[in-house]
Amino acid sequence: MRAGHQGTGPGAITPDGCAVELYSRLSVGEEPDIIAGAVPTGAHILELGSGVGRMTHPLLERGYTVTAVDESPDMLERVSGARTICSPIEMLDLGERFDAVLLASFLVHAGDEEVRRALLRTCVRHLADGGCVVIQREGEDYHTNVPRERIDPSGFTLRIASSEPGGDGTNSVRAEYEFPDATWTQTFRARPLTQEEFEEALGEVGLRVDDYLTEGRTWVRAVAAERA
C-alpha cells in the first residue's frame, strides 16, 4: 500500500486504496466525450491509470486504439479489447510514442511532488511530435466543499467525507461509496494545486496548457512547450 493510502470493502484493493469491485460497478460519465473532443479520431492513446477500463472501453467504441497501463493486475484483468501493461506509471518507459497520453483520476495531484514530476515526465516521454496530454485536475473547491455527497442515477451514494491537512502541503481525503449491498472507502493523499501551481508543474517538465476543456477547468489539453 502506498504511504497515506488505504481502502476498505469487498474484493481486491490496489496499492493506492482503490477497490477493484467498486470500480467495476462505476458508470462512465461525460469523460469519453471530453477526451474525444480533444484527441483526433483514430488516435493511439496511452491511458495511464486505466483501472478496470471504465474509460478505455468507451474510447475503443469511438474508434481509438488504446494502450491501458495500471499497476494493478486485478484491475487490468477487467480490461478487454486494449493492449494492457502492468506497471507503476512513474516507472513506465515503453520506448514508444503516442498521439495522446491520458492522465485522469486526479493523478496530477499526487501528494509526493517527486511522484507527480515522474508521472508528468512519463507523459512527456511517450508523447509523439504534435501530440497532446489530456489531464484531469481537481475542481477549485474540491478540498473546501467538504463534506459533500451525490446520489448516482445508478443508485449508489458517493460521499467526500473529509479532507484534512496531512502535512507538507498535502491533504488526507476520505471518500465513501455506499451501495445497497456493499460499502467501500478510500483514503488517499492529495496535493491541492492552484491554476498557477498546476501550470508551473507542467512547465517543469516541458509542457504547457493548450486549452482548458471544461467550464470548471478540470480537464486540460497540454502540449509540448515551444523551446526558445
Side-chain angles (χ1 to χ4, degrees), residues 2 14-16 18 31-32 34-51 53-56 58-60 62 64-72 75-76 79 82-138 188-214 217-227:
R2 290 176 180 258
T14 67
D16 59 356
C18 292
E31 293 98 329
I34 294 170
I35 297 164
V39 179
T41 302
H44 190 171
I45 298 175
L46 177 64
E47 184 183 8
L48 302 176
S50 66
R54 190 172 61 90
M55 285 187 282
T56 315
L59 290 172
L60 291 170
R62 285 164 171 76
Y64 293 101
T65 300
V66 181
T67 293
V69 178
D70 203 279
E71 67 179 345
S72 167
M75 287 283 196
L76 290 176
V79 176
R83 172 193 182 195
T84 59
I85 296 173
C86 188
S87 171
I89 297 169
E90 57 267 39
M91 298 179 183
L92 186 72
D93 189 352
L94 298 178
E96 303 173 38
R97 294 182 178 269
F98 297 79
D99 304 312
V101 181
L102 175 59
L103 187 70
S105 303
F106 311 130
L107 291 174
V108 74
H109 292 273
D112 186 322
E113 290 182 293
E114 284 306 314
V115 170
R116 181 193 69 212
R117 293 185 184 102
L119 296 176
L120 290 172
R121 289 187 187 114
T122 294
C123 295
V124 173
R125 186 160 54 244
H126 293 91
L127 188 62
D129 292 343
C132 67
V133 182
V134 180
I135 302 170
Q136 183 184 21
R137 58 189 292 262
E138 296 171 345
F188 56 93
R189 290 179 65 209
R191 181 175 297 275
L193 297 171
T194 65
Q195 181 181 341
E196 181 180 6
E197 290 168 337
F198 168 71
E199 293 181 1
E200 287 178 354
L202 295 186
E204 287 180 353
V205 299
L207 292 172
R208 64 171 178 84
V209 171
D210 181 55
D211 191 18
Y212 285 100
L213 304 172
T214 51
R217 298 183 176 181
T218 54
W219 283 89
V220 186
R221 182 175 62 224
V223 297
E226 296 179 2
R227 293 180 174 84

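Just so it is clear, the model here is predicted, and its values are computed rather than measured.
Between the side chain of Asp210 and the backbone N or O of Ala222 there is no donor-acceptor pair closer than 3.5 Å. Side chain of Thr218 to main chain of Gln136: no donor-acceptor pair is present (N/O by atom type, distance under 3.5 Å, no hydrogens or angles). A donor-acceptor distance shorter than 3.5 angstrom exists from the side chain of Glu197 to the backbone of Thr194, with no hydrogens or angles considered. Remark: the backbone N or O of Pro58 is paired with a side-chain donor or acceptor of Arg62 at under 3.5 angstrom. A donor-acceptor contact shorter than 3.5 Å links the side chain of His109 to the backbone of Arg191. Side-chain atoms of Tyr64 never come within 3.5 Å of backbone atoms of Thr56 as a donor-acceptor pair (strictly under, hydrogens ignored). Between the side chain of Arg97 and the main chain of Leu127, a donor-acceptor pair closer than 3.5 Å is present. Distance alone, capped at 3.5 Å, is enough to place a donor-acceptor pair between the Asp112 side chain and the Glu114 backbone.
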- prompt: Could you walk me through whether Leu193 and Arg116 pass the side chain to side chain contact (heavy atoms under 4.5 Å, CB included) check?
  reply: CA-CA 12 Å; Leu193 297 171; Arg116 181 193 69 212; 3.7 Å; yes
task: Take Leu102 and Ile35 through the test side chain to side chain contact (heavy atoms under 4.5 Å, CB included) and record every step on the way to the result.
output: CA-CA 8 Å; Leu102 175 59; Ile35 297 164; 3.7 Å; yes
field: side chain to side chain contact (heavy atoms under 4.5 Å, CB included) assessment of Glu31 paired with Trp219
entry: CA-CA 9 Å; Glu31 293 98 329; Trp219 283 89; 3.4 Å; yes
- request: Please assess Leu46 against Val69 for the test side chain to side chain contact (heavy atoms under 4.5 Å, CB included), listing each intermediate value before the final yes or no.
  value: CA-CA 8 Å; Leu46 177 64; Val69 178; 3.7 Å; yes
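Taking the six-membered ring where the residue is Trp, His44 and Phe98 present perpendicular rings, their angle passing 60° and hence far from 30°.
Salt bridge Asp16/Arg2: absent, no basic N to carboxylate O contact under 4.0 Å. Ion pair Arg125/Glu90 not flagged as a salt bridge, since none of the NZ, NE, NH1 or NH2 atoms sits closer than 4.0 Å to an Asp/Glu carboxylate oxygen. Note on Arg83 versus Glu96: salt bridge recorded, some NZ/NE/NH1/NH2 to OD/OE distance being below 4.0 Å. Between Arg117 and Glu204, at least one side-chain N (NZ, or NE/NH1/NH2) sits under 4.0 Å from a carboxylate O, which counts as a salt bridge.
With rounding to the nearest 0.5 angstrom, the OG atom of Ser50 is 10.0 Å from the CD1 atom of Ile85. If you take CD1 on Ile89 and SG on Cys123, they are separated by 8.0 Å, rounding to the nearest 0.5 Å. One distance of note links CG of Leu207 with CD1 of Ile135; it measures 6.5 Å at 0.5 Å rounding. Expressed to the nearest 0.5 Å, how far CG of Leu59 lies from CD1 of Ile45 amounts to 5.0 Å.
Using a 4.5 Å heavy-atom threshold, the side chains of Leu202 and Leu120 count as touching.
Judged by distance alone, the side chains of Asp70 and Ser72 never bring a donor and an acceptor atom under 3.5 Å apart.
Looking at residues two or more places apart in sequence or on another chain, you find no side-chain hydrogen bond (donor to acceptor under 3.5 Å, both in side chains) involving Arg121.
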